[in-house]
Structures are given as C-alpha cells and as structure tokens.
Q: 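Handing you this structure, nothing more for now.
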There are 2 protein chains.
Amino acid sequence: MKRLYLSDTVAGEIGSYIAERKLSAGDRLPSVSTWMARLQVGRSTLREGLKRLEAEGVIEVINGKGIFVSDQQTFRLFSRLHVTDARRHLLEMLDVRLVLEEKAVVLATQHASEAQFADMAQHLEDYRAAREADDFLRVHEADSAFHLAIYQASHNEVLVALIRSIHSELYVSWQTPQDRNEVFDASFPHHVTLLEAMRRRDIEAASSAFHALMAATRHTVEMM
Amino acid sequence: MKRLYLSDTVAGEIGSYIAERKLSAGDRLPSVSTWMARLQVGRSTLREGLKRLEAEGVIEVINGKGIFVSDQQTFRLFSRLHVTDARRHLLEMLDVRLVLEEKAVVLATQHASEAQFADMAQHLEDYRAAREADDFLRVHEADSAFHLAIYQASHNEVLVALIRSIHSELYVSWQTPQDRNEVFDASFPHHVTLLEAMRRRDIEAASSAFHALMAATRHTVEMM
DNA sequence: CATCTCCGACCTGTCTGATAGCTACATTTA
DNA sequence: TAAATGTAGCTATCAGACAGGTCGGAGATG
C-alpha cells in the first residue's frame with residue numbers, strides 16, 4: 001500500500017549514511033551536488049529528501065555552508081491538539097509525566113552510577129543557589145537538568161528518547177510567572193529526599209518521595 | 001538567529017490555511033499550481049514546503065490525486081536512536097509501554113463509556129475471528145485497535161496524542177513473522193479478562209489482568 | 001610584519017520549462 | 001453491458017540557470 005517516492009528513498013539513504021558512519025551533531029555531510037551524483041537523482045528530488053530529514057530534525061541545511069547533522073530532533077506533539085481547557089491539560093500532562101518519571105525513578109534507583117548521583121546532586125545545588133539569588137531562569141534550568149538526569153540514569157534509551165522529545169512540551173507549560181517561589185520552595189525538600197532515597201537504593205522511599213513531589217506540584221496546579 | 005527560508009514560510013502559510021479553515025483528515029487542499037500562483041513562489045520552493053509538512057505528518061501528497069490533510073502526525077522517535085541490541089530495545093519499549101498503558105487502563109476503567117467498552121469488545125471479536133481465519137494482518141490490526149481504544153477511553157488527551165504519535169514505533173517492532181500464533185494465543189485470554197474487569201469498574205482486577213497480559217508478551221520477547 | 005580588502009571557489013536557495021506517470025472520469029467500442 | 005480507450009488534471013522528477021551566502025587566500029595597504 002505504501003507508495004515509494006524517490007525523495008523518500010533519498011531521505012532514507014542519507015539517514016543510513018549518518019547512522020552507518022555514526023556521525024554526530026555538527027558533522028558535515030557531502031554537498032548537494034555530490035549526493036546528486038552519488039544517488040543519481042535530480043536536484044529537486046534530492047532537496048525534497050533533505051527537507052524531510054530537516055523537518056524530522058535529523059539534519060540542518062545552511063545556506064552557503066553545507067549540510068550538517070543536527071544536535072537533536074524536536075517534535076511538535078501537541079501542535080494539532082486543540083487545547084480548550086488549559087488547567088485540565090496541565091493535569092493530564094502531570095498524569096503522563098507521573099507514570100513516566102516514576103518508572104525512571106525506580107530504574108535510576110536500581111541502575112544509576114555514583115557519578116550520575118553526583119551529577120544530580122550538583123543540579124540540586126545549582127537549584128538551591130539560583131533560588132537564593134532569585135534567578136528563576138536558572139532555577140528552572142537546574143530543576144529540568146535534575147529531572148533529565150534521572151531519566152538518563154534509568155539506562156532505558158527509549159524512555160530517554162521519549163522524554164527528550166516531549167520535554168519542552170510536557171514541562172514548560174506550568175511556568176506561570178506568578179507564585180514561582182511557592183512552587184519551587186514547596187518542591188525543593190522533596191527533591192533532596194528523593195535523591196537521598198535513590199542513593200540508598202531504596203526503591204520504596206524513592207517512589208514515595210517522588211509521589212510527594214508530584215503531589216505538591218499537582219496541588220499548585222489545582223490551585224490555579 | 002533563525003534564518004528564514006521561503007520554503008519554510010510556505011509550510012507555515014499552508015499550515016495556517018488548514019488551521020484557519022479547521023480542515024480535518026482527508027480534506028483536499030488546492031493543487032500545487034494553485035498554491036504557486038497564490039503564494040507567488042516557484043514549484044520547487046512550494047514542494048519543499050509541502051515535503052516539510054508531509055514529514056511533520058500534517059498533510060499527505062498523493063501522486064495523481066492531490067494534497068490531502070493527514071489524519072495524524074507521526075514523528076520518528078527512534079530514527080536517530082542507534083539500536084545495537086534489538087532484544088534489549090524491545091524490552092525497554094515494553095517497560096515504557098507498560099507504564100503508559102497501565103495508566104490508560106486505570107483511567108479507562110474509571111471513565112470509559114458503555115459505548116467505548118462495546119467498541120473494545122468488537123475489536124476483540126475481530127481479533128478472535130481473524131485469528132481463526134489465520135489472517136495475521138487483521139489479527140494485528142484488531143489488537144492495535146483494541147489497545148488504542150483503551151487509550152482513547154482514558155479521556156486523557158495528552159496520553160492519546162502521545163501514544164498515537166509513537167504507536168507505530170512502539171508496537172510494530174515485535175511483529176516477527178515467526179511464532180505469531182504463540183504470541184497471540186498466549187495473550188488473547190488476558191485481553192478478555194482485562195475487558196471484563198474494566199467493564200466491572202474493577203481497577204484492581206483490570207490492573208492485574210493487564211500485568212498478566214504484559215508478562216505474557218514480555219515472556220515471548222525474552223524467549224526470542 | 002600585521003592587517004585589511006577584495007575576489008573567487010564552493011555552497012545552498014529559488015525559479016522555470018519540460019517530460020513522465022498516476023488517477024479519475026467520460027467516451028468509445030466489442 | 002462491460003471492457004477498452006481517450007483525456008484532463010494532477011503530482012514526480014529532471015536539467016539548467018541564476019542569485020545570494022560563506023569562507024579562505026592573494027594581494028594591497030599601513
């Protein structure tokens with residue numbers, strides 16, 4: 001049933017090229033004319049393939065410079081989701097985040113290395129320092145980094161890929177300018193408790209600390 | 001910093017056209033030459049814009065027919081995930097699926113309407129009939145439809161959007177041609193038990209039935 | 001010698017005209 | 001009536017051309 005277009009084949013071909021050579025962010029790919037000769041296709045066909053890879057976030061084509069491997073793909077998960085009730089939407093997102101991150105917490109408690117725990121501790125320290133300096137941007141960055149570190153420590157690549165993809169859409173929305181202090185002050189102690197529990201490899205305690213953290217977050221959303 | 005290319009403007013323009021007129025799946029868009037005249041751009045530029053929208057899953061361009069609004073966006077979550085160990089990858093996917101779908105099961109048990117339960121029952125009946133006819137394609141379709149129905153009955157739009165987006169990548173992979181019978185035969189009874197428990201609004205029973213189902217699936221993967 | 005300017009090689013962005021192939025539908029034909 | 005054919009409209013692809021961005025080196029300038 002699936003129609004096969006040359007331009008899609010081109011996209012696959014170039015994607016394979018990247019995968020096979022294990023190229024990473026910033027690496028440069030052969031030029032358009034090189035690919036035209038190599039794949040024996042016309043210019044427009046090739047560019048359509050490139051455009052598709054670009055839309056998928058695999059590559060970046062820069063005028064005058066060349067074709068480069070992109071650092072990460074960004075998707076638009078909710079771009080076509082018609083959100084009528086913002087508060088309800090936030091609560092639904094929290095539900096999804098809850099189950100994904102709880103899994104990450106459990107896996108991280110089991111599998112995280114000491115270096116990864118140290119990494120998390122550093123993010124928490126940044127968190128505290130930024131809060132003290134009333135630098136909310138950095139507070140949020142540190143908070144994000146802490147949670148991302150948990151996902152990474154889960155050693156589940158699918159989970160990491162998934163959360164990286166939807167992170168911006170899943171986490172950003174509740175950054176209301178109002179009452180930031182409350183949100184952060186309420187959740188910070190739970191962060192500390194969570195990290196300590198994970199470090200002790202105490203799944204029960206880690207899980208319950210995480211639930212307490214999410215309960216606090218949910219509470220602030222429900223108050224909105 | 002963000003460079004503005006005409007082809008991206010085109011994509012935005014056509015996207016707006018769809019949003020403004022609230023077009024939905026299957027609706028037909030003006031032809032390429034119409035757009036060329038309307039936006040005053042060349043054909044290749046326009047087609048690059050279309051290719052981007054196509055990659056984002058917004059539209060579908062079919063040779064000889066025209067340009068149509070697509071029913072769902074599909075993004076490629078694992079396109080850049082270098083999978084070295086297929087078996088481990090499958091197990092990781094199962095972990096992610098487990099937590100997402102368990103949440104869906106619980107929510108569906110609480111919130112599903114009778115019509116939605118009837119829908120699930122119909123899919124199960126299709127499942128059984130297809131299995132009897134040894135029509136594995138339809139077996140898989142019915143199975144997919146059953147699980148998707150659970151997500152939809154959860155009434156959590158974020159969950160639905162998420163699972164719709166990654167469904168093809170999260171579920172397709174273990175369709176190994178070999179031993180299909182075993183997989184399906186082992187899991188079918190659990191499907192029935194699961195539906196009955198949800199229908200009774202018995203969260204405990206539904207949850208444990210779902211776990212049994214996933215345990216069976218995990219078992220077959222681990223045997224691979 | 002150090003610095004600046006300019007030019008040319010190489011790259012991508014866009015346009016245009018032409019051709020082939022696909023699809024749906026009306027028309028003709030057996 | 002049903003199959004074959006013609007046709008209009010559409011997308012897929014190609015080839016060539018030109019404009020504009022980027023970068024580094026040759027040469028001018030001090």
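Sequence lines set the chain letters: A, B, ... in the order given, protein chains first and strands last, and positions in each chain run from 1.
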Q: Which residue, A/Met36 or B/Val32, contacts DNA chain D at a nucleotide closer to its 5' end, judged by nearest heavy atom?
A: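 Of the two residues, B/Val32 wins.
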Q: Could you state the CD1-P distance from A/Ile59 to C/dT12, rounded to the nearest angstrom?
A: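 A/Ile59 atom CD1 is separated from C/dT12 atom P by 10 Å.
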Q: Rounded to the Å, how far apart are A/Leu39 CG and D/dT13 P?
A: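 After rounding, the gap between these two atoms is 13 Å.
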Q: Is any N or O donor-acceptor pair between the side chain of B/Arg43 and the base of C/dG17 shorter than 3.5 Å?
A: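 Looking at the base of C/dG17, it does pair with a donor or acceptor on the side chain of B/Arg43 (distance under 3.5 Å).
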Q: For A/Leu29 and C/dT12, give me the distance from atom CG to atom P, rounded to whole Å.
A: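 To the nearest whole Å, that distance equals 10 Å.
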Q: Pairs under 3.5 angstrom only: tabulate donor-acceptor contacts from the side chains of residues 34-44 of chain A to other protein residues two or more places apart or in another chain.
A:
{"from": "A/Thr34", "atom 1": "OG1", "to": "A/Ser31", "atom 2": "OG", "distance (Å)": "3.0"}
{"from": "A/Trp35", "atom 1": "NE1", "to": "A/Pro30", "atom 2": "O", "distance (Å)": "3.2"}
{"from": "A/Gln40", "atom 1": "NE2", "to": "A/Ala37", "atom 2": "O", "distance (Å)": "3.0"}

Q: C/dC15 C1' sits how many Å from B/Glu48 CD, rounded?
A: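 Rounded to whole Å, this separation is 12 Å.
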Q: Nearest whole angstrom, please: distance from the P of D/dC14 to the CG of B/Asn63.
A: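 That distance rounds to 13 Å.
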Q: Mind checking if A/Gly64 touches a base, just sugar-phosphate, or nothing, with heavy atoms under 4.0 Å?
A: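 A/Gly64: base contact, heavy atoms under 4.0 Å.
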Q: To the nearest Å, how far apart are B/Arg28 CZ and D/dC10 C1'?
A: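 Result: 7 Å.
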Q: Could I get the full list of side chain to side chain contact (heavy atoms under 4.5 Å, CB included) partners for A/Ala153, not counting sequence neighbours?
A: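 Side chain to side chain contact (heavy atoms under 4.5 Å, CB included) list for A/Ala153, sorted by chain: A/Ala108, A/Ala112, A/Gln116, A/Met120.
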Q: Using OP1 and OP2 only, check whether a side-chain N or O of B/Lys65 sits under 4.0 Å from D/dT11.
A: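 For D/dT11, OP1/OP2 do not have a side-chain N/O of B/Lys65 under 4.0 Å.
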Q: Give one of base, sugar-phosphate or nothing for A/Ser44, where a contact means two heavy atoms less than 4.0 Å apart.
A: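 If one applies the 4.0 Å heavy-atom cut-off, A/Ser44 turns out to touch a base.
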Q: For B/Lys51 and B/Thr34, find the nucleotide of DNA chain D closest to each by heavy atoms; which residue's nucleotide sits nearer the 5' end?
A: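 By nearest-heavy-atom nucleotide position, the 5'-most residue is B/Thr34.
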Q: Measure CH2/A/Trp35 against P/C/dC11 and give the value in whole Å, please.
A: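 Computing the A/Trp35:CH2 to C/dC11:P distance gives 14 Å.
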Q: Does B/Ser31 make a side-chain N or O approach to OP1 or OP2 of D/dG9 shorter than 4.0 Å?
A: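 B/Ser31 to D/dG9 OP1/OP2: no side-chain N or O under 4.0 Å.
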Q: Take the protein atom CZ of B/Arg47 and the nucleotide atom P of C/dA18, then report the distance between them rounded to whole Å.
A: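 Going from B/Arg47 (CZ) to C/dA18 (P), I get 19 Å.
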Q: Should A/Asp126 and A/Arg131 count as an ion pair when the cut-off is N to O under 4.0 Å?
A: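 No.
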Q: My understanding is that only one of A/Leu53, A/Val69, A/Leu50, A/Val61 makes a side chain to side chain contact (heavy atoms under 4.5 Å, CB included) with A/Leu29; could you say which?
A: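 Output: one option passes, namely A/Val69.
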Q: Does a side-chain N or O from A/Ser7 land closer than 4.0 Å to OP1 or OP2 of D/dA12, or not?
A: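 It does not, given that no N or O in the side chain of A/Ser7 lies less than 4.0 Å from OP1 or OP2 of D/dA12.
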Q: What heavy-atom pair brings B/Met93 and A/Val158 nearest, and what distance separates the two atoms?
A: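 Scanning both residues, the minimum pair turns out to be CG-CG2, 3.6 Å.
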Q: The side chain of A/Ser33 is closest to which nucleotide in this list: C/dC15, D/dT13, C/dC11?
A: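 So the nucleotide nearest the side chain must be C/dC11.
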